[in-house]
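Worksheet: the structure to be examined is printed underneath.
Bear in mind that the values here come from a model prediction, so they are computed numbers and not experimental data. Only heavy atoms go into these numbers, but all of them, side chains included; no hydrogens, no water, no symmetry mates.
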Amino acid sequence: MWGVHLVDAYINELVRKKEIPGAVLIVQQHHKRILSRSYGVFTAQDGSKQPILSHTLFDVASLTKVVATLPATLLLLSRQQMTVDDKVQTYLPNFKYANITIQHLLQHNSGLPADLMPVVKRHHQRDIMTEIFSSKVVFQPGEQVLYSDLGMILLGKVIEKVSGRLLSQFVEQEILKPWGLKHTRFQLPDHQQELAASTEMVGGKFVQGIVHDEKSMLLEGVAGSAGLFSCAEDLAKYAEIWLGLTQQDVLPYRWLELAHTKTFRNRGLGFEVWNGNYSPSCFARRWSKGSFGHTGFTGTSIWMDPAEKAFVIFLTNAVHYGRNTNMRSIREKLHTLIYEKLLI
């Protein structure tokens, strides 16, 4: 199949040029698996070269926001344990803005800044929650979109408050296990850390199996914004559920649909949604209007097209060669190639 050859050649060229060390890619339309490949190698913490395999675990970074935090929030909403219009302050009294709601956090239009300043570094000793609680908004809620880690970290804490469980426990018991995402979890145990593709070099050694995101690390590897590890096959199961290709009884389907149809500009509830207008960051502009997904800083992404019933899982540890990556242009070229050459 010529399209598969083109995609293969493109990724192999990225590996050869050291733009990425390797990747796992899954492309599926309806129930037909069009492509499922792994590429390249990474340098492990011990300095050895390890192949990237189909079951390699990746630090999925901000995919945590939609794989863990979003479905956990939707579950509590569907059980009427909270509503999207509830004030964040109701659950987190230390949060000083009385007019910011759950929906504002999900749609990244709360007015909270994108990140803490100064930016958190790996060696810092900082009280992340205290800093978030004292953050100043940069615009009024509902005025514009500013993608914010801080809002999703707060949402993780709201989930803990409402559920009475740790975020990692609630997500694992109520979402990941029932959905069959067997290899997806926060806080990899020691014996699983070597199964993860290492991310960035820190102090002369590659970080492997330990969270890359600094705020999540200071929150013990569990945050509403980052911290999850997963593999391509688990995320393919996740995409099948979201597109209605696989039936499940955890979340009513209308709640899943709401996450990508209840939009403010280019944001659904959690997801980036391609609406043809407000998406300078969108890497899948050739795809159907209403397509949705998310990215992770380490080099991960998931993209789903409800019109074509198609999805792409692309996992790479691009930060292996440093943080100055070309992931945005790589994703755009790859997803355009896939849409034009592989989908029916």
[Y] side chain reached by [X] side chain, heavy atoms, under 4.5 Å:
X	Y	answer
Glu257	Pro306	no
Lys215	Asp115	yes
Tyr97	Val137	yes
Tyr91	Lys157	no
Thr184	Leu228	yes
Met82	Val158	yes
Phe133	Leu92	yes
Leu251	Leu75	yes

Within the distance-only criterion (no hydrogens, no angle test), does the side chain of [X] pair as donor or acceptor with the backbone N or O of [Y] below 3.5 angstrom?
X	Y	result
Ser38	Ile52	yes
Glu19	Asn326	no
Ser135	Glu131	yes
Ser62	Thr295	no
Lys18	Tyr321	no
Gln80	Leu77	no
Thr83	Asp86	yes
Asn275	Arg265	yes
Ser110	Ile100	no
Ser198	Thr43	yes

> Pick one: which of Tyr147, Phe271, Trp303 meets ring pair (Phe, Tyr, Trp, His ring centres under 6.0 Å) with His294?
Replying inline: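 The option that passes is Tyr147.
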Please indicate whether [X] has more than 12 foreign heavy atoms, meaning atoms of other residues, nucleotides or ligands, lying under 6.0 Å from its [atom1].
X	atom1	answer
Lys309	NZ	yes
Lys182	NZ	no
Glu220	CD	no
Glu194	CD	no
Arg126	CZ	yes
Asp127	CG	yes

Can you name the closest pair of heavy atoms from [X] and [Y] and give their distance?
X	Y	result
Glu172	Pro178	O-CD, 4.1 Å
Gly142	Phe264	O-CZ, 3.3 Å
Ile102	Val88	N-CG2, 4.2 Å
Gly299	Thr316	O-CG2, 2.8 Å
Gly22	Asn317	O-OD1, 4.1 Å
Phe139	Asn109	CE1-O, 3.8 Å

>> Taking the six-membered ring for Trp, are Phe283 and His335 closer than 6.0 Å centroid to centroid?
In response: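 Yes - the distance between ring centres of Phe283 and His335 falls below the 6.0 Å cut-off.
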> Do the two ring centres, one from Trp242 and one from Phe311, sit under 6.0 Å apart?
Replying inline: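 No, the ring of Trp242 stays outside the 6.0 Å limit from the ring of Phe311, centre to centre.
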>> Could you walk me through whether Lys65 and Asp149 satisfy the side chain to side chain contact (heavy atoms under 4.5 Å, CB included) test, starting with their C-alpha distance in whole Å, then the side-chain angles of each, then the deciding distance to 0.1 Å, before giving a yes or no?
In response: CA-CA 9 Å; Lys65 294 177 173 77; Asp149 274 0; 2.7 Å; yes
>> Check this for me: does any side-chain nitrogen of one of Arg16 and Glu13 sit under 4.0 Å from a carboxylate oxygen of the other?
In response: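 Yes, Arg16 and Glu13 are salt-bridged.
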> Going by an N to O cut-off under 4.0 Å, is there a salt bridge joining Glu174 and Arg79?
Replying inline: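 Here Glu174 pairs with Arg79 in a salt bridge, since their nearest N and O are under 4.0 Å apart.
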Can you measure from [atom1] ([X]) to [atom2] ([Y]) and round to the nearest 0.5 angstrom?
X	Y	atom1	atom2	answer
Thr325	Leu14	OG1	CG	11.0 Å
Leu116	Glu214	CG	CD	11.0 Å
Arg267	Leu146	CZ	CG	10.5 Å
Gln28	Glu240	CD	CD	4.5 Å
Leu315	Glu233	CG	CD	10.5 Å
His104	Gln140	NE2	CD	9.5 Å

Do the side-chain N and O atoms of [X] and [Y] include a donor-acceptor pair separated by under 3.5 angstrom?
X	Y	value
Arg165	Gln173	yes
Asp46	Ser48	yes
Gln45	Gln193	no
Thr90	Lys87	no
Gln248	Thr246	no

> Cluster question for you: counting only ILVMFWY and a side-chain heavy-atom cut-off of under 4.5 Å, with indirect links fine, are Leu343 and Trp274 together?
Replying inline: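 Yes; tracing contacts between hydrophobic side chains, which count when under 4.5 Å, links both residues.
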> Is Met201 linked to Val41 within one hydrophobic cluster, defined over Ile, Leu, Val, Met, Phe, Trp and Tyr using a side-chain heavy-atom separation of less than 4.5 Å?
Replying inline: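 No: no chain of side-chain contacts under 4.5 Å links Met201 to Val41.
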For the residue pair [X] and [Y], does the interplanar ring angle fall in the parallel (under 30°), tilted (30 to 60°) or perpendicular (over 60°) class?
X	Y	result
His212	Phe297	parallel
Tyr339	Trp287	tilted
His320	Phe206	parallel

> For Thr298 and Val60, what are the C-alpha separation, side-chain angles and deciding distance, and is it a side chain to side chain contact (heavy atoms under 4.5 Å, CB included)?
Replying inline: CA-CA 7 Å; Thr298 46; Val60 300; 5.8 Å; no
> Of the options Thr300, Leu63, Ile26, which is the one that meets Leu235 in a side chain to side chain contact (heavy atoms under 4.5 Å, CB included)?
Replying inline: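 The option that passes is Leu63.
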>> Here's a test for you: under side chain to side chain contact (heavy atoms under 4.5 Å, CB included), which of Ile34, Val27, Leu25 qualifies with Val7?
In response: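 Considering Ile34, Val27, Leu25, a side chain to side chain contact (heavy atoms under 4.5 Å, CB included) with Val7 is found only for Leu25.
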>> Under the criterion side chain to side chain contact (heavy atoms under 4.5 Å, CB included), I'd like the reasoning laid out for Val211 against Phe186: C-alpha separation, chi angles, the key distance, then a yes or no.
In response: CA-CA 9 Å; Val211 68; Phe186 291 98; over 6 Å; no
>> Apply side chain to side chain contact (heavy atoms under 4.5 Å, CB included) to residues Val24 and Ile313 and explain how you reach the verdict.
In response: CA-CA 8 Å; Val24 183; Ile313 309 296; over 6 Å; no
